[in-house]
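In what follows, a structure is listed as structure tokens, so that the remarks can point back to it.
Everything numeric here is computed off the predicted structure, so don't read it as measured data. Here is how names work: the chains are called A, B, and so on, in the same order as the sequence lines, proteins then strands, and each is numbered from 1.
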Amino acid sequence: MQPINEMKFEFISRSSNESFARATVAAFISQIDPTISELADIKTAVSEAVTNCIVHAYNNKFGTIYISVKIYENGRVIIKIRDKGCGIENIDKAMEPLFTTGGEERAGLGFAVMQSFMDNIKVISKPNKGTTVTLEKSIIPRIVKNG
Amino acid sequence: MGVKLVSQGEEVIAFINGDIDHHSASDIRKEIDAITEEKWPQLLKLDFSSVQFMDSSGIGLIMGRYKLMQRLGGKLLIVNIPSHIIRLIKLSGLSELGIIKREDETIDATHK
């Protein structure tokens, strides 16, 4: 199925770009009239994925983060967050709630939040090549919400 | 954006404003810790009423302050949590520590 709309953007992995990234994705998705709660879920999930790129993939060195968003006819939204960083050696381990290599101030909940707030998440990673996180969520059309 | 700190008696209250993400959390943490370690309050209150957005960095921030207050022999309380953050708090399991207060009720495990 072809998306009815799509966009791509990229930016360097500065932590000050975290709010830019989630706001940009939210602004694009706003055209299909999501609820505030659906939009908050998406912003949170995108923020988790982008933070992972900055903290883990590029380990506080600068690299490029690539985001694409596709919107489909039925309200399905697919967001890809990609980096060319260090990759994840053990994806199952990384996705365990509370597991973190990020130190005391990191909760280890990034993937758990993405899983809980989105309908579907897929992670593809190769050590030293990078990671792609695909997030999927169906935005329920307003007519159905009201009906 | 940021944090406003009020110290009164045995209490320090931190009014957190704007977004809590990985970027903003480190400055918020430094400011809260500086006054807390100086004043050694019995109660550190984090007021979330003006938090517009929070991701799991906010959970890390709360956990870190919880440990800090344990070390100082005091208590931590999170107050005025907006409804859009409740889901994240519940997912984190933080509600089981008995430090979350929303309006007049303390959210505990039974409210899940």
### A:T100 and A:R106: side chain donor to acceptor below 3.5 Å
no
### Query
With respect to chain B, which residue among A:E48, A:K43, A:R22 yields the maximal number of heavy-atom pairs within a distance under 4.5 Å?
A:R22
### Task
Answer yes or no: are there more than 12 heavy-atom neighbours, outside A:K126 itself, under 6.0 Å from its atom NZ?
no
### Task
Can you tell which part of A:S16 gets under 4.5 Å to a heavy atom of chain B, answering side chain, backbone, both or neither?
both
### Summary
Turns out that what part of A:V50 lies under 4.5 Å from chain B's heavy atoms comes down to neither
### Task
Rounded to the nearest 0.5 Å, what's the gap from CD1 on A:I42 to NZ on A:K137? Could you check?
6.0 Å
### Message
At a 4.5 Å cut-off on heavy atoms, which part of A:I36 comes close to chain B: side chain, backbone, both, or neither?
### Response
neither
### Message
If we count only N and O atoms by modelled type, under 3.5 Å, do the side chains of B:S50 and B:N17 hold a donor and an acceptor together?
### Response
no
### Task
Check whether A:R14 gets within reach of chain B through its side chain, its backbone, both or neither, counting any heavy atom under 4.5 Å.
neither
### Message
Using heavy-atom distances under 4.5 Å, tell me whether A:N17 contacts chain B through its side chain, its backbone, both, or neither.
### Response
neither
### Task
May I ask you to check whether A:E6 and A:S68 show a side-chain donor-acceptor distance below 3.5 Å?
no
#### Entry: Top contributor to chain B contacts, counting heavy-atom pairs under 4.5 Å, from A:T44, A:V55, A:I54
A:T44
### Task
Examine the side chains of A:S15 and B:H23 and answer whether a donor and an acceptor come within less than 3.5 Å of each other.
yes
